[in-house]
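This report concerns only the one structure given below.
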Amino acid sequence: MSVLLQVENVTKHYAGSVKGQTIRAVDGVTFELEHNEIFACIGESGSGKSTLAELIVGLQQPTSGTLTWLDDARAPHMSKPTSQPQLVFQNPDRSMNPYWRIRDIVTEPMRLGGCPKRQAYAEAEQLLAKVKLSADLLGRYPHECSGGQKQRIAIARALSVSPKLLIADEITSALDPSTEAEILQLLLSLKQSEGMSILYITHRLETISGFADRVAVMKNGAILEMGETDSVLADPQSAYTIELLRAVQYS
Ligand SMILES: Nc1ncnc2c1ncn2[C@@H]1O[C@H](COP(=O)(O)OP(=O)(O)OP(=O)(O)O)[C@@H](O)[C@H]1O
Ligand SMILES: [Mg+2]
(Lines give C-alpha, C1' and ligand atoms only; values in the text may rest on other atoms or scores of the structure.)
(Ligands and ions follow the chains in the order given, each with its own letter.)
Protein backbone atom coordinates (compact mmCIF):
# COMPACT_ATOMS: atom_id res chain seq x y z
CA MET A 1 0.00 0.00 0.00
CA SER A 2 1.25 3.47 -0.81
CA VAL A 3 0.23 6.72 0.81
CA LEU A 4 -2.17 9.06 -1.01
CA LEU A 5 -2.57 11.81 1.60
CA GLN A 6 -0.68 12.72 4.75
CA VAL A 7 -2.60 14.73 7.33
CA GLU A 8 -0.19 16.03 9.95
CA ASN A 9 -1.21 17.68 13.19
CA VAL A 10 -4.05 19.55 11.50
CA THR A 11 -6.23 21.93 13.50
CA LYS A 12 -9.18 24.10 12.54
CA HIS A 13 -10.24 26.58 15.16
CA TYR A 14 -13.15 28.99 14.92
CA ALA A 15 -13.87 32.06 17.02
CA GLY A 16 -16.93 31.34 19.17
CA SER A 17 -19.87 33.70 19.65
CA VAL A 18 -18.65 34.59 23.15
CA LYS A 19 -15.63 36.91 23.12
CA GLY A 20 -12.38 35.01 23.58
CA GLN A 21 -14.02 31.62 23.05
CA THR A 22 -12.37 29.19 20.62
CA ILE A 23 -14.17 26.28 18.97
CA ARG A 24 -11.66 23.52 18.29
CA ALA A 25 -13.55 21.84 15.43
CA VAL A 26 -10.48 19.81 14.44
CA ASP A 27 -7.76 19.60 17.03
CA GLY A 28 -4.41 18.05 16.15
CA VAL A 29 -5.40 15.30 13.72
CA THR A 30 -2.70 13.07 12.20
CA PHE A 31 -3.31 10.14 9.86
CA GLU A 32 -2.46 8.82 6.43
CA LEU A 33 -4.89 7.78 3.73
CA GLU A 34 -3.62 5.03 1.47
CA HIS A 35 -4.32 4.39 -2.20
CA ASN A 36 -7.34 2.23 -2.87
CA GLU A 37 -8.61 1.88 0.67
CA ILE A 38 -11.90 2.63 2.39
CA PHE A 39 -11.16 4.63 5.52
CA ALA A 40 -14.09 5.19 7.86
CA CYS A 41 -14.29 8.20 10.14
CA ILE A 42 -16.71 7.64 13.01
CA GLY A 43 -17.86 10.10 15.61
CA GLU A 44 -20.81 11.74 17.26
CA SER A 45 -22.40 14.98 16.04
CA GLY A 46 -19.99 17.90 16.36
CA SER A 47 -16.86 15.73 16.59
CA GLY A 48 -15.30 17.49 13.58
CA LYS A 49 -15.87 14.96 10.78
CA SER A 50 -17.30 17.37 8.19
CA THR A 51 -14.73 20.03 9.04
CA LEU A 52 -11.99 17.46 8.41
CA ALA A 53 -13.62 16.59 5.06
CA GLU A 54 -13.75 20.27 4.09
CA LEU A 55 -10.07 20.71 4.99
CA ILE A 56 -9.15 17.74 2.79
CA VAL A 57 -11.02 19.01 -0.27
CA GLY A 58 -9.74 22.55 0.29
CA LEU A 59 -13.08 24.19 1.15
CA GLN A 60 -11.43 25.26 4.42
CA GLN A 61 -7.85 26.13 5.24
CA PRO A 62 -6.29 24.65 8.39
CA THR A 63 -5.45 26.92 11.31
CA SER A 64 -2.24 24.91 11.63
CA GLY A 65 -0.76 21.65 10.40
CA THR A 66 -0.25 20.31 6.90
CA LEU A 67 -2.01 18.21 4.28
CA THR A 68 0.33 16.63 1.76
CA TRP A 69 -0.87 14.82 -1.36
CA LEU A 70 1.38 12.10 -2.71
CA ASP A 71 0.59 10.53 -6.02
CA ASP A 72 2.80 7.49 -6.46
CA ALA A 73 5.64 9.73 -5.29
CA ARG A 74 5.22 11.78 -8.47
CA ALA A 75 3.83 15.31 -8.80
CA PRO A 76 1.33 16.34 -6.10
CA HIS A 77 -2.00 15.25 -7.52
CA MET A 78 -3.72 18.49 -6.54
CA SER A 79 -1.94 20.02 -9.52
CA LYS A 80 -4.00 17.82 -11.82
CA PRO A 81 -7.53 19.28 -11.85
CA THR A 82 -9.05 16.05 -13.11
CA SER A 83 -8.22 14.18 -9.94
CA GLN A 84 -9.29 16.71 -7.31
CA PRO A 85 -10.83 14.93 -4.32
CA GLN A 86 -14.62 14.92 -4.53
CA LEU A 87 -17.04 15.40 -1.65
CA VAL A 88 -20.53 13.88 -1.60
CA PHE A 89 -22.86 15.30 1.06
CA GLN A 90 -25.64 13.93 3.25
CA ASN A 91 -28.33 15.96 1.54
CA PRO A 92 -28.16 15.73 -2.27
CA ASP A 93 -30.77 18.48 -2.65
CA ARG A 94 -28.32 21.01 -1.26
CA SER A 95 -25.73 20.25 -3.92
CA MET A 96 -28.03 19.81 -6.95
CA ASN A 97 -29.59 22.62 -8.90
CA PRO A 98 -33.34 21.73 -8.90
CA TYR A 99 -33.79 23.36 -12.31
CA TRP A 100 -31.11 21.25 -14.02
CA ARG A 101 -31.66 17.89 -15.64
CA ILE A 102 -29.62 14.93 -14.34
CA ARG A 103 -27.57 15.00 -17.57
CA ASP A 104 -26.30 18.47 -16.69
CA ILE A 105 -25.85 17.68 -13.00
CA VAL A 106 -23.58 14.65 -13.52
CA THR A 107 -21.46 16.40 -16.15
CA GLU A 108 -21.04 19.69 -14.27
CA PRO A 109 -17.50 18.99 -12.94
CA MET A 110 -16.36 17.94 -16.44
CA ARG A 111 -17.83 21.10 -17.96
CA LEU A 112 -16.17 23.22 -15.28
CA GLY A 113 -12.91 21.51 -16.21
CA GLY A 114 -13.34 22.71 -19.81
CA CYS A 115 -14.83 19.59 -21.41
CA PRO A 116 -17.09 20.49 -24.38
CA LYS A 117 -20.82 19.91 -23.78
CA ARG A 118 -21.22 17.29 -26.51
CA GLN A 119 -18.31 15.19 -25.21
CA ALA A 120 -19.55 15.49 -21.61
CA TYR A 121 -23.08 14.42 -22.61
CA ALA A 122 -21.65 11.43 -24.47
CA GLU A 123 -20.10 10.23 -21.20
CA ALA A 124 -23.17 10.88 -19.05
CA GLU A 125 -24.81 7.53 -19.82
CA GLN A 126 -21.66 5.62 -18.87
CA LEU A 127 -21.41 7.58 -15.62
CA LEU A 128 -24.94 6.53 -14.65
CA ALA A 129 -24.11 2.94 -15.59
CA LYS A 130 -21.17 3.06 -13.15
CA VAL A 131 -23.62 3.73 -10.30
CA LYS A 132 -26.10 1.16 -11.66
CA LEU A 133 -28.70 3.67 -12.82
CA SER A 134 -30.61 3.59 -16.08
CA ALA A 135 -29.89 6.21 -18.74
CA ASP A 136 -33.64 6.98 -18.63
CA LEU A 137 -32.90 9.24 -15.67
CA LEU A 138 -30.70 11.60 -17.69
CA GLY A 139 -33.61 13.73 -18.86
CA ARG A 140 -35.24 13.99 -15.42
CA TYR A 141 -35.02 16.68 -12.76
CA PRO A 142 -33.82 15.91 -9.19
CA HIS A 143 -37.37 16.02 -7.74
CA GLU A 144 -38.30 13.18 -10.11
CA CYS A 145 -35.69 10.87 -8.50
CA SER A 146 -35.74 8.97 -5.19
CA GLY A 147 -33.33 9.75 -2.34
CA GLY A 148 -31.23 6.67 -3.13
CA GLN A 149 -31.15 7.56 -6.84
CA LYS A 150 -30.06 11.11 -5.99
CA GLN A 151 -27.15 9.82 -3.91
CA ARG A 152 -26.11 7.57 -6.80
CA ILE A 153 -26.30 10.58 -9.11
CA ALA A 154 -24.14 12.58 -6.69
CA ILE A 155 -21.61 9.71 -6.70
CA ALA A 156 -21.70 9.58 -10.53
CA ARG A 157 -21.01 13.31 -10.66
CA ALA A 158 -18.02 12.82 -8.34
CA LEU A 159 -16.72 9.95 -10.50
CA SER A 160 -16.86 12.11 -13.64
CA VAL A 161 -13.44 13.58 -12.84
CA SER A 162 -11.83 10.23 -11.89
CA PRO A 163 -10.92 11.33 -8.37
CA LYS A 164 -8.18 9.58 -6.43
CA LEU A 165 -10.27 10.20 -3.31
CA LEU A 166 -14.02 10.31 -2.82
CA ILE A 167 -15.28 11.62 0.50
CA ALA A 168 -18.75 10.42 1.45
CA ASP A 169 -20.05 12.56 4.33
CA GLU A 170 -23.01 10.79 5.96
CA ILE A 171 -24.40 10.02 2.50
CA THR A 172 -26.70 7.24 3.70
CA SER A 173 -28.11 8.95 6.80
CA ALA A 174 -31.40 9.86 5.12
CA LEU A 175 -31.88 6.46 3.46
CA ASP A 176 -33.67 3.34 4.65
CA PRO A 177 -31.44 0.41 5.76
CA SER A 178 -31.78 -1.63 2.55
CA THR A 179 -30.97 1.37 0.32
CA GLU A 180 -28.06 2.15 2.64
CA ALA A 181 -26.73 -1.40 2.22
CA GLU A 182 -26.99 -1.06 -1.58
CA ILE A 183 -25.02 2.20 -1.56
CA LEU A 184 -22.29 0.63 0.61
CA GLN A 185 -22.11 -2.29 -1.80
CA LEU A 186 -21.82 0.17 -4.68
CA LEU A 187 -18.97 2.06 -2.99
CA LEU A 188 -17.16 -1.22 -2.32
CA SER A 189 -17.36 -2.20 -5.99
CA LEU A 190 -16.33 1.30 -7.13
CA LYS A 191 -13.27 1.13 -4.90
CA GLN A 192 -12.21 -1.92 -6.94
CA SER A 193 -13.27 -0.79 -10.41
CA GLU A 194 -12.12 2.83 -10.14
CA GLY A 195 -9.07 2.10 -8.01
CA MET A 196 -9.83 5.05 -5.76
CA SER A 197 -9.80 5.64 -2.02
CA ILE A 198 -12.94 6.49 -0.08
CA LEU A 199 -13.15 8.45 3.16
CA TYR A 200 -16.46 7.27 4.57
CA ILE A 201 -17.85 9.53 7.28
CA THR A 202 -20.61 8.21 9.48
CA HIS A 203 -21.87 8.12 13.05
CA ARG A 204 -23.09 4.56 12.54
CA LEU A 205 -20.38 2.15 13.69
CA GLU A 206 -22.55 -0.83 12.77
CA THR A 207 -22.24 -0.14 9.03
CA ILE A 208 -18.47 -0.41 8.62
CA SER A 209 -17.75 -4.10 9.29
CA GLY A 210 -16.93 -5.87 6.03
CA PHE A 211 -16.85 -2.49 4.31
CA ALA A 212 -14.11 -0.21 5.62
CA ASP A 213 -10.48 -1.35 5.63
CA ARG A 214 -9.54 1.00 8.47
CA VAL A 215 -11.37 3.24 10.88
CA ALA A 216 -10.64 6.34 12.94
CA VAL A 217 -12.84 7.21 15.90
CA MET A 218 -13.18 10.97 16.48
CA LYS A 219 -14.35 12.96 19.46
CA ASN A 220 -14.04 16.67 20.19
CA GLY A 221 -11.98 17.24 17.05
CA ALA A 222 -9.37 14.58 17.83
CA ILE A 223 -8.79 10.98 16.76
CA LEU A 224 -9.11 8.77 19.84
CA GLU A 225 -8.38 5.48 18.15
CA MET A 226 -7.43 4.26 14.69
CA GLY A 227 -6.69 0.89 13.11
CA GLU A 228 -7.86 -2.00 10.94
CA THR A 229 -11.66 -2.12 11.17
CA ASP A 230 -11.75 -5.75 12.30
CA SER A 231 -9.26 -5.19 15.12
CA VAL A 232 -10.89 -1.99 16.35
CA LEU A 233 -14.32 -3.65 16.43
CA ALA A 234 -13.00 -6.84 18.04
CA ASP A 235 -10.67 -5.19 20.53
CA PRO A 236 -11.48 -1.49 21.00
CA GLN A 237 -8.91 0.41 23.06
CA SER A 238 -10.61 3.66 23.98
CA ALA A 239 -13.45 3.87 26.48
CA TYR A 240 -15.39 5.94 23.96
CA THR A 241 -15.21 3.26 21.23
CA ILE A 242 -16.30 0.64 23.77
CA GLU A 243 -19.25 2.87 24.65
CA LEU A 244 -20.17 3.28 20.96
CA LEU A 245 -20.02 -0.48 20.40
CA ARG A 246 -22.14 -1.15 23.46
CA ALA A 247 -24.76 1.32 22.23
CA VAL A 248 -24.97 -0.56 18.92
CA GLN A 249 -25.29 -3.94 20.64
CA TYR A 250 -28.20 -2.78 22.77
CA SER A 251 -30.05 -0.84 20.10
N1 LIG B 1 -18.02 27.70 10.31
C2 LIG B 1 -18.05 27.38 11.60
N3 LIG B 1 -17.95 28.33 12.56
C4 LIG B 1 -17.95 28.01 13.86
N5 LIG B 1 -18.02 26.76 14.33
C6 LIG B 1 -18.11 25.77 13.44
C7 LIG B 1 -18.13 26.01 12.03
N8 LIG B 1 -18.22 24.81 11.38
C9 LIG B 1 -18.27 23.88 12.34
N10 LIG B 1 -18.21 24.45 13.58
C11 LIG B 1 -18.20 23.73 14.86
O12 LIG B 1 -17.16 22.78 14.82
C13 LIG B 1 -17.54 21.57 15.46
C14 LIG B 1 -17.39 20.41 14.49
O15 LIG B 1 -18.38 20.53 13.47
P16 LIG B 1 -18.54 19.47 12.30
O17 LIG B 1 -19.61 19.96 11.39
O18 LIG B 1 -17.20 19.25 11.70
O19 LIG B 1 -19.00 18.17 13.07
P20 LIG B 1 -19.51 16.76 12.52
O21 LIG B 1 -18.72 15.72 13.20
O22 LIG B 1 -19.52 16.78 11.05
O23 LIG B 1 -21.02 16.70 13.08
P24 LIG B 1 -22.34 16.03 12.41
O25 LIG B 1 -22.24 14.55 12.69
O26 LIG B 1 -23.47 16.65 13.18
O27 LIG B 1 -22.36 16.35 10.95
C28 LIG B 1 -18.95 21.79 15.98
O29 LIG B 1 -18.87 22.20 17.32
C30 LIG B 1 -19.46 22.92 15.11
O31 LIG B 1 -20.46 23.65 15.76
MG1 LIG C 1 -21.04 16.56 9.59
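Quick caveat, the model's predicted, so the values are computed rather than measured. Just so you know, ligand 1 is whichever comes first in the structure, and atom 1 is the first atom listed for that ligand.
In this structure, the side chains of Thr172 and Thr179 stay at 4.5 Å or more apart for every pair of heavy atoms. Annotation: side chain of Ile42 is in contact with side chain of Ile208 (closest heavy-atom distance under 4.5 Å). Two residues are said to be in side-chain contact when any heavy atoms from C-beta on lie closer than 4.5 Å; Ile56 and Leu5 meet this criterion.
Tyr200 and Asp169 are not linked by any side-chain donor-acceptor pair at a separation below 3.5 angstrom, with hydrogens and angles left out of the test. A side-chain donor-acceptor contact under 3.5 Å links Ser64 and Thr11.
Glu125 pairs by the salt bridge (Lys or Arg N to Asp or Glu O under 4.0 Å) definition with nothing, not counting sequence neighbours.
When atom types are taken as modelled, the side chain of Asp213 and the backbone of Ile38 share a donor-acceptor pair closer than 3.5 angstrom. With Glu180 contributing its side chain and Thr207 its backbone, the two residues share no donor-acceptor pair below 3.5 Å.
Around the Mg ion (ligand 2), the protein N, O or S atoms found under 2.8 Å comprise Ser50 OG.
Through side-chain heavy atoms spaced under 4.5 Å, either directly or across other Ile, Leu, Val, Met, Phe, Trp or Tyr residues, Tyr14 is tied to Ile23.
Using a heavy-atom distance under 4.0 Å as the criterion, the protein contacts of ligand 1 are Tyr14, Ile23, Ala25, Glu44, Ser45, Gly46, Ser47, Gly48, Lys49, Ser50, Thr51, Glu170.
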